[in-house]
Amino acid sequence: MRRASPLDVYEQLHAHHGDQRWWPAESPFEMMIGAILTQNTRWENVEMAISNLKKANMLNPESMLSCEPEQLEELIHPTGFFRQKAKRLIEFSRFFTAHGGTEGLKRWPTKALRARLLTINGIGPETADSILLYAFDKMVFVVDAYTKRIFSRLGMIKASMNYEEIQNYFIQRLPGLPQLYQEYHALIVQQGKCNCSAKPRCDDCPLFELCSSAAETDRLSEL
DNA sequence: ACCCAGGGTCATA
DNA sequence: TATGACCATGGG
């Protein structure tokens with residue numbers, strides 16, 4: 001059996017999990033807020049916070065800029081890290097409104113917008129790339145903890161690779177379709193949520209065949 | 001009572 | 001540049 005490619009893995013994941021249609025949000029701004037709130041946090045907790053924000057009519061940049069930070073902290077409390085995240089939401093809202101909102105930011109070249117997002121405190125590579133991919137439909141591959149875990153376990157990447165190296169690995173081996181990038185990351189998260197990539201590997205893992213074929217590499221990389 | 005989750009920052013060596 | 005402490009809640 002030939003060595004599995006990222007596209008092979010995509011096919012397997014899609015066959016098992018089906019269409020994902022990400023990101024779950026009703027607007028680009030909601031998507032961006034969700035991206036910040038979900039940092040090192042379960043999505044279920046983010047849903048509580050989003051729900052709180054909607055009920056309080058606070059899920060818009062104007063309200064976030066004019067409210068008392070403590071009120072914001074209370075609403076997003078379930079996501080954890082609520083003090084720093086409240087600051088991050090406010091700072092991001094400031095940036096967002098200062099540049100004409102979604103419509104204004106939509107006109108930025110991808111590279112320039114990414115670089116600018118990274119200068120905002122609390123927005124790192126993954127959050128920036130998620131925003132580019134899902135709020136602006138830019139062709140940017142998102143690397144998260146699941147990506148590292150699953151693909152290093154499959155022996156396709158090394159655990160020592162940094163964010164950019166992993167990102168390049170996928171970009172060089174995938175067709176240039178933004179839609180594919182969106183689905184792929186969604187599938188990786190869906191797969192990561194099930195503990196198939198943990199050890200011991202479960203038998204009905206959709207990647208079981210690939211895992212088995214990579215068993216040798218896998219064992220070596222764990223030493 | 002532990003462990004971790006759809007990260008990021010900052011201090012230290 | 002690379003590792004580690006820290007941020008903090010909710011669910012297993």
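What you see below is based on every heavy atom in this structure, not just the backbone, and it leaves out hydrogens, waters and symmetry mates. Note on naming: letters A, B, ... go to the chains in the order of the sequence lines (proteins, then strands), and numbering restarts at 1 for each one.
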Rounded distance in Å - CG (A:Leu75) to C1' (C:dT9)
15 Å

Determine the contact category for A:Ala35: base if any of its heavy atoms lies under 4.0 Å from a base atom, sugar-phosphate if only primed atoms, P, OP1 or OP2 are that close, otherwise nothing.
nothing

Round to a whole Å and report the spacing from NZ of A:Lys193 to C1' of B:dA5.
10 Å

Looking at every strand, decide which applies to A:His185 at a 4.0 Å heavy-atom threshold: base, sugar-phosphate, or nothing.
nothing

Using a 4.0 Å heavy-atom cut-off, does A:Phe81 contact any base of the nucleic acid, only the sugar-phosphate backbone, or nothing at all?
base

Distance flag, aromatic centroids of A:Phe151 and A:Phe170, threshold under 6.0 Å
yes

Could you tell me the separation between the NZ atom of A:Lys193 and the CZ atom of A:Arg42, rounded to the nearest 0.5 Å?
9.5 Å

Separation of the P atoms in C:dA8 and B:dC10, to the nearest angstrom
14 Å

Which part of the nucleic acid, if any, lies within reach of A:Leu118 when heavy atoms closer than 4.0 Å are counted: base, sugar-phosphate only, or nothing?
nothing

Would you kindly give the CG-to-C1' distance between A:Leu72 and C:dT9, to the nearest whole Å?
16 Å

Can we say A:Arg94 and A:Glu91 salt-bridge, meaning some charged N sits less than 4.0 Å from an Asp/Glu carboxylate O?
no

To the side chain of A:Glu126, which of C:dG11, B:dG8, B:dA5 is closest?
B:dG8

CD of A:Gln84 versus C1' of C:dC7: gap in Å, rounded?
4 Å

If I pick the P atom on B:dC3 and the same atom on C:dC6, what distance separates them, to the nearest angstrom?
16 Å

To the nearest Å, give me how far apart CG (A:Asn162) and P (C:dT3) are.
11 Å

Residue whose nearest DNA chain B nucleotide is more 5′ - A:Asn121 or A:Pro24:
A:Pro24

Spacing of A:Leu89 atom CG relative to B:dG8 atom P, expressed in whole Å
14 Å

For the backbone of A:Leu75 and the side chain of A:Asn52, can you confirm whether one donor and one acceptor N or O come within less than 3.5 Å of each other?
yes

For A:Glu164, give me all partners under side chain to side chain contact (heavy atoms under 4.5 Å, CB included), at least two apart in sequence or on another chain.
A:Asn162, A:Asn168

In this structure, how many angstroms lie between the P atom of B:dC4 and the CG atom of A:Asn45, rounded?
16 Å

Just to be sure I understand the rule, does A:Ile123 reach a base, reach only the sugar-phosphate, or reach nothing, if contact means heavy atoms closer than 4.0 Å?
sugar-phosphate

Compare side-chain N and O positions of A:Arg42 against OP1 and OP2 of B:dG7 and report whether any pair is under 4.0 Å apart.
no

From CE of A:Met48 across to P of B:dA5 the rounded distance in Å is 17 Å

Considering only heavy side-chain atoms of A:Arg88, the closest of C:dT9, C:dA8, B:dT9 is B:dT9

Using a 4.0 Å heavy-atom cut-off across all strands, classify A:Gly80 as base, sugar-phosphate, or nothing.
base

Short side-chain N/O contact to C:dA8 OP1/OP2 from A:Arg83, under 4.0 Å:
yes

Please check this pair: side chain of A:Gln39 against backbone of A:Gly122, looking for a donor-acceptor N/O pair closer than 3.5 Å.
yes

Under 4.0 Å between any heavy atoms, over every strand shown, what does A:Thr127 touch: base, sugar-phosphate, or nothing? Just pick one.
sugar-phosphate

Given the rule that I, L, V, M, F, W and Y join up when any side-chain heavy atoms are under 4.5 Å apart, are A:Trp43 and A:Ile36 in one cluster?
yes

Wobble G-U and Watson-Crick pairs count when both distances are under 3.5 Å; given that, what is the 5' to 3' dot-bracket string of DNA chain B, with | for pairing to other strands?
.||||.|||||||

Does A:Asn40 make a side-chain N or O approach to OP1 or OP2 of C:dT9 shorter than 4.0 Å?
no

Side-chain ion pair, A:Lys54 and A:Glu30, N-O less than 4.0 Å:
yes

